[in-house]
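What follows is a single structure, written as structure tokens, with notes after it.
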Amino acid sequence: MRNETQVKKSGFEPKILAFCCNWCSYAGADLAGTSRIQYAPNVRVIRVMCSGRIDPTFILRAFQVGVDGVLILGCHPGDCHYIDGNYKTARRIHMLKKMLSQLGIEDDRLRLDWVSAAEGKRFASIINDMTERIRALGPFVR
Amino acid sequence: MSDVRIGIFVCHCGKNIGGVINVPEVTEYAKTLPDVVYAEHNLYTCSAEGISSIRQKISEHKLNRVVVASCTPRTHETLFRNACEAAGLNKYLFEFVNIRDQCSWVHMQEPEKATEKARDLIRMGVAKARLLEPLEEVEIRVTPSCLVIGGGVAGMSAALNLANQGFEVYLVERDKELGGLLLNLNRLFTINGKAEEVIIPLIERVKNHQKIKVHTSTEVKGVAGFIGNFDVTLDQKGEERKIKVGTIIVATGAEVLKPVGQYGYGDKSNILTQLELEERLNKGMGDEQNIVMINCVGARIPERPYCGRICCMVAIKNAVLIKENDPRAKVWVLHRDLMTYGTEFEKYYQKAMEKGIRFIRYSLDKPPEIVGNNKVKAVKVYHQLMGKEMVLPCDMLVLTTPLIPHEDNQDISRMLRVSLSEHGFFLEAHLKLQPVEFATDGIYICGCARWPTDVPEAISQACAASAKAVIPMRRGYVRPEAITASVNEDKCSGCGTCVLLCPYNAIELQSKDGKKLAHITTAQCKGCGTCGAACPSGAISMNHFRDEEILAQVEALVI
Amino acid sequence: MTLEDIIKETKTYYCLECGKCSSLCPISRHNPSYSPRLMLEKALTGFEGDLINDQELFSCLTCYNCSLKCPADVDYPLFMQKVRTLAFAQGRYGVPADSGILQSFMRLMLNPAIEQRRLEWLSDEYRISEKGNILFFVGCAPYFEFAFEDFEAGALNIAKDSLKILNTLGIEPMVLADEKCCGHDLLWTGDVESFRKLAEHNARIIKESGAKKIIFSCPEGYRTFKFDYPHYVDLDCELQHITEFLAENMGKGMLDFKEVKKKVTYQDPCRLGRHLGVYEQPRKLIEAIPGIELIEMEHTRDESICCGTSAWTNCDAYSKQIRTERLLEAKATGAEMLITACPKCQIHFRCAMVSKGEEKGPDVEMDVMDIVNLVASALEDNGSE
Amino acid sequence: MAKLKLACYWAASCGGCDVAILDLNERILQVADLADIVFWPIAVDFKHHDVEAMPDKSIDFCLFNGAVRNSEQEEIARLLRDKSKIMVAFGSCAHLGGIPGLANFNNRTQIFERAYLEAQSNDNPDKTLPQTSSKVSEGELELPEFYDTVKALNQVVGVDYYVPGCPPPVPIISKVIDAIASQKLPPKGSVFASDKSLCDECPRTKGEKKIKKLYRPHEIIPDPEQCLLEQGILCMGPATRGGCGALCIKANMPCRGCFGPLPSVSDQGAKMLSALASIYDIDIKDEVAMAQMVEEVVDIAGSFYRFCLPTALINRRRM
Amino acid sequence: MNNSVLIIGGGIAGIQAAIDSANMGFQVCLVEKSPSIGGRMAQLDKTFPTNDCAMCILAPKMIEAGQHANIKLLTYSEVLSVEGEVGKFKAKIKKKARSVDEEKCTGCGICIEKCPWKADSEFDAGMGKRKAIYVPFPQAIPNVPVIDREHCAYFLKGKCRACERFCEAGAINYDQEDEIIEVEAKAIILATGFDLYDPTPLREYGYGRIQNVITAMEYERLSSASGPTAGELKRPSDGKIVSDIAFIQCVGSRDVRSNRYCSSVCCMYGTKEAILAYEHRPGTKSTIFYIDLRAVGKRFQEYIQRAEDEYNITYIRGRPGNIELNRRNQNPTIWYEDTTTGETKSLEVELAILCQALIPPRDIQKTASILSIELDEYGFVKTPDGLSHPVDTTRAGILACGCVHSPKDIPDSVVQASAAAARAAEILSGGT
């Protein structure tokens, strides 16, 4: 879990945007809630019907307006409610990460992961892990 | 854009939200957001009085956008959308902000952070709400009639179930008469009843049912349209007919694999498939004394990895019939696993053992070998469980082969725009959630066309498919959620990037005054947004999740 | 009786070839080349020759450990018995133990001309009667005395103590002078004809004696009279093992025991346990003796492990290993004495603890005593010692 | 009616746009009698102070090509903006930042080190670097300030119309001239190109948009008829405005996106990446294939932002 | 309730039949014995052959059934009697007192948090604990807790009342009584699922005697994220996380001494659970003892092939004789004959899992007599004309689907449920 001293010292509270798909990761986030699993408050979730809906433009725009990190959470491959939306997401994000590295944006600032509707604990651990990584990287200065 | 008047309702949810987030402060903050004309917080927005408050405030403040900040849309979005609709506001002008399951419940020890997060989330919700557009759920009328393709036991059972519920059925069968695979079966396992005893009465009931129009030696040439409005062209011996149906059930069955080139099949006279043995059993057996059956011929091999599910039972049933016909006959069944699953089949397997039928397990890497040039004289088999080679005298060799998909599944799949599984059978929408439905709405699948099944399973699937088809037909209309994609033809350059991305084949390039443009069949689109995200010209917009709306949320994240 | 008939009678055709019998068989756990399933597969696939001439055909202990758990309801020991009958008819038989002296005793008894001096051992302290309802079947105990020189078979003591206990209960059973071997070992090694002769003889003399009830101290005799004789002779007497009889009558206060401070464990003989289902009576009897602490072995009751040899045939290194392991299991309970209820178990266990010259004897020392001797020794010594 | 006053300027660009104007061939005469060129450093000898002397808004229209890379260019851009009624961003550099915009992958320090120190051809033992002002015997020399980030024209001054292309094709230039001449100008801010992507006018036949592998142009001889992207060649056509008449495509070369993004697209690179990744037909569980995909699209940022890095959402590399 | 169907059993089959009938416009009354619908499938972690999580499949259907206008949920209720005949059935249903007012309760869960009394959780197959006032599992529908009167201090000793004190909605009502509800229906669908065979009688396998011999359902709860060990495969004896395990197929199936039939699904769920082990801890070694590997459904064979190639799973054809305990490290030692080589060997593993048979629900006799339908020789529902009317029972108007009909996997149960709905629809529109 996050230790308090680390936060106080640097004082930097990362602002992280997460895209969650309605059927799996959003449901997993809700399950973390119903199971009262506590995690870092730095993430704001935008719900989309499928991770396949996320246009790389949204991610670039997020960094442009000063978000410190972007998290894409979709269904595990094979679980997608729309059969294979998450397969396209995987390819897009994989290519986008390479492009971002060329633009000097650290790899950890954009992360793609899979969370099923029953993995509340996994959702929380991803959020905490992402918050720590972004805190280590420091604020995203354009 | 008419002047936007947003109303926001923040929920305490008892202590669940209110206990962590400073709801009054957040509500005051919401009031400061642009275009927010009204904001209130209540103990339980989802309760009866919460709902009535929303309806009342919509008319009172002439709200044309509503934002509710409370639990999770997955369980309560429908509830609040209906409340808006009841107050005369289009239900898609509603945005849900999750400040319980994804905020108060998970940041209990950090109330100020939780409150700040709630403020951000509400700001994002309002930013999106401001750009929401009213959407009409397009009501698609459903013609209360169904096309059943395939007149086997599955097709006929589905047709009967539909007709008995008063729906008109067109039963189309490629062959001259109804019956399908069961016509040339002698007996059916488990109850050992004669195949005719099942199929003949079924055919009679189908033929005499005035609600069922039977079209034999007829093929389906083309299918256009979508759920509720399928325009089907039939080809009856060259003469074309057009019919209009609301739903389609595919029951085209499958065929028995002819194991040409395996174990000498085709060039040795006393080698048959189980199907040919059925005909021999129908007409009467010769005086063969030693019968050897080899199971898993052409199945569970790298080229065809699946198990034919019912071939073991067919083999055992025929073996029992041979023994009953001539107890002195010696029957060996060479197998690689005996798939007599369930209560009935296992009992039948025991009955076979009682009758003296002997089972030998062989392994894929040491298959049986045939002895004899123009006729099989013996079968050499390596008994895997004894680690010993055996030579079985053999007057008749029966090869048990699996059911394989018809070649023309490919054409039907392209015609109906439904997909095939890697084995060549039809691919259902979801193995567990929708086992007898296709991903495309309004088209259903049952029987061996979906996967090799025995008669009771085929009839169950047929009734299930009929149940699914009856739902839209009984209601008379379908109202798919308005979250669908739409193409702006002024922006679309017809590059075709979107066409193959759609898992539901809802997009195709149509030529319009000389130019190729993408066209989306709204009824088939499920609104996943994959095409919208990929369209390089930004010509596809996703209703209720438009680029502008999502970008507004992104921009609102950082003040 | 062809192999097919045997398969039908013993329902061997139900075999699922699952190997559960092999994994439960004490022999196949030690002898890698022995698998009851393979034996049976040879029958199912018609390799009669291999089956009949198989060296291991006579290794099966017929201890029922496999059939009791067989998911396909195959009566394997009966299958073995029937196949051995086929084999015997073709001159096949197992390797007799102790160079066949026991078999020769049995065969001698077949010869009517030979007079047995059977009751030599019967001193007058044991009161028997000419006429009566109850008959005590002595079995081959007298012959066992001479079969084994290098250790004390102790079979005769069992017979003596049985009489002693019966007398204490006021019962003076009949003991027949011309009683012959019950034929158990011959039947189980396939010599059905000899078995029939012995069965007919015994039935005749018992009928003549007018006995209504026969008490056995040897479970093999008890099983043979109860399950096998009915197929060959008709003899309607009530049959009971002595432990059953004592357990029934113990309660009447006739047997009062003195304290015996001893930790013991109990070996369920296959015939008494799995064949006949007698598990509780011997235990009730042992625990009735004050001061006795009965500790169960890990494999007990219907899961107890056979003493490793049956019908004096195919006793080999593997049988020795089984016995040794069983003794070690007995020792592991911390008991000082291993109680059994079958003269043969006692002989086999004692024989195992004696080094037979070629191999080093096991490092297991354990007193092995029949339950009858234990009970007799625990009686208040008002009777003659 | 009085002849119009035309100004042209060549900021951070290659000069191709100026040459393109001459490509009008005989039509240049029509321009000559339509307008007087009052400022065009490459072609006519008017000086900076001449422009300063002109009254504001006296120039009818100014064809400004080239991006803004240093303080001088910015100054002149502002000057011409004040002096001209219509400011036209002429060519990719002014419109989107163009090829010079790719310098945004580096900053001044890196550029100077490379140019003046590391470059093998240098002979610069005492490592001197250009300074905005330096004292020499003749007196004080001044140089314009070299910015870290290259900017497109509309990031410095207001722009009325955009003429895309590198260089803008002749038909479009003449269309601009006619529009100005006839005073029938499209709404402010519009781009003289098609609102649809190049695919709309591309002569090649389109089959299934599905690619297994991407080839560099030299690795494959493409079929002349079929869509290049479908043959596995990276063609920016789908994400680029049409209107150029598919010049490159007709020369059997893929489009490189010089006409910039479609009207409703805010980042050409992001959109092309999204389309390309979506139609890549590989199994995401196959790490090798996924790594292969990223390798095959050589220099992703460079290819997708070849002409429009300065106007992209993330318009420079973070140092 | 003119056009109405009574559905008994709220598992995946009952839910599917209810949704289909309701979507066809009929009124449905769904009766479920336990406090929440969801049935056996809710206890599963993942399901074969797709390995997608059971709850991801089940929750949407539960929510749809819970919110459907045409479906009346009667949970924590039992059918007492059924009179009449097809088209005119009258059923008496006892709705047991939950001691919580369903209208007022908002499912906030404070009462559960504050309740100090614990009991064995049936949902966790006895592996974990639950409170006296409880909801069987987090996603329960209806999300209204129930007070287990046998373990609640108030009902036992009249004190505590903690739940009442903390409940803001004032929903706790200790003197709520059982209610008898009359329901009319034209057709009845029986979908009461199955129970699991208790392997204790098979003493050779040591279940109940050897701690580290557990049943497949217990394993499923261990592996499930919402289970007692939050998904960590800790073995019962010392809580050690296991990495070398073995599965024994046909425990209680294809066995004269228990059930002679084959339970159809154990081969597949055995492999699935072995795959779960590998997923939880890559490198875990699993051995599966089988006699016929019955992978007959869609993509089942490939599933087994992948299990062998990628998940370090070894298949041995041989049915183990017995399991002995290695006292030193509490490891079960499995004795078996590898029938493909004829060798009798033993394998010591850290955890042995018995793939137990599916048996008819324990109260099937009572249900059958209430509905006066006949059962087959194994205790499943008898289908008189199995070939042409696979979901009918011996009584007109009463249909059966799912595992109460005979053991089958989830896809087949869902198909049969829809088939039962179709047959009921035929009856409701005047057919027979």
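A note on names: the letters A, B, ... follow the listed sequences, proteins ahead of strands, and every chain is numbered from 1.
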Roughly how far, to the nearest 0.5 Å, is the [atom2] atom of [Y] from the [atom1] atom of [X]?
X       : Y       : atom1 : atom2 : value
E344(B) : C262(E) : CD    : SG    : 12.5 Å
E197(B) : L387(E) : CD    : CG    : 9.5 Å
Q165(B) : L428(E) : CD    : CG    : 9.0 Å
I12(E)  : K432(B) : CD1   : NZ    : 10.0 Å

Could you have a look at [options] and say which one has the most heavy-atom pairs with chain E under 4.5 angstrom?
options                            : answer
L338(B), T453(B), V436(B), V455(B) : L338(B)
R336(B), R74(B), E428(B)           : E428(B)
W105(B), Y341(B), W451(B)          : W451(B)

Interchain contact, [X] with chain E, by part (heavy-atom threshold 4.5 Å):
X       : answer
H430(B) : side chain
Q350(B) : side chain
L427(B) : both

If we define contacts as heavy-atom pairs under 4.5 Å, which of [options] has the most with chain B?
options                   : value
L293(E), D338(E), N259(E) : L293(E)
Q305(E), K408(E), R299(E) : R299(E)
F380(E), F300(E), F26(E)  : F26(E)
H389(E), R317(E), Q67(E)  : R317(E)

- For K298(E) and R450(B), indicate whether the former's side chain and the latter's backbone hold a donor-acceptor pair under 3.5 Å. yes
- Would you check if the side chain of S406(E) reaches a backbone N or O of T343(B) as a donor-acceptor pair within less than 3.5 Å? no
Quick check: closest heavy atoms across [X] and [Y], and the distance to 0.1 Å?
X       : Y       : result
M24(E)  : V470(B) : SD-CG1, 3.4 Å
P456(B) : G386(E) : CB-O, 3.6 Å
A422(E) : A467(B) : CB-CB, 3.7 Å
S460(B) : A419(E) : O-CB, 3.2 Å

Please examine the side chains of [Y] and [X], heavy atoms only from C-beta on, and report whether any two atoms are closer than 4.5 Å.
X       : Y       : value
S466(B) : R423(E) : no
K347(B) : E377(E) : yes
H335(B) : D292(E) : yes
N23(E)  : P472(B) : no
Y290(E) : D337(B) : yes

Decide, yes or no, whether a salt bridge links [X] with [Y] under the criterion of side-chain N to carboxylate O below 4.0 Å.
X       : Y       : result
D412(E) : R309(B) : yes
R254(E) : E346(B) : yes
K468(B) : D20(E)  : yes

Side chain, backbone, both or neither: which part of [X] has a non-hydrogen atom closer than 4.5 Å to chain B?
X       : value
T47(E)  : both
I110(E) : neither
A295(E) : backbone
T340(E) : both

- Begin with the C-alpha distance, continue with both residues' side-chain angles, and end with the deciding distance and a verdict on side chain to side chain contact (heavy atoms under 4.5 Å, CB included) for R474(B) and S429(E). CA-CA 12 Å; R474(B) 228 177 238 283; S429(E) 26; 3.8 Å; yes
- Test item: side-chain donor near acceptor, E302(E) and H423(B), under 3.5 Å: yes
- Between R294(E) and T340(B): side-chain donor-acceptor atoms closer than 3.5 Å: yes
- Query: Around atom NZ of K382(E), are there more than 12 heavy atoms of other residues, nucleotides or ligands at under 6.0 Å?
  - Reply: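 For K382(E), atom NZ is not crowded (no more than 12 foreign heavy atoms under 6.0 Å).
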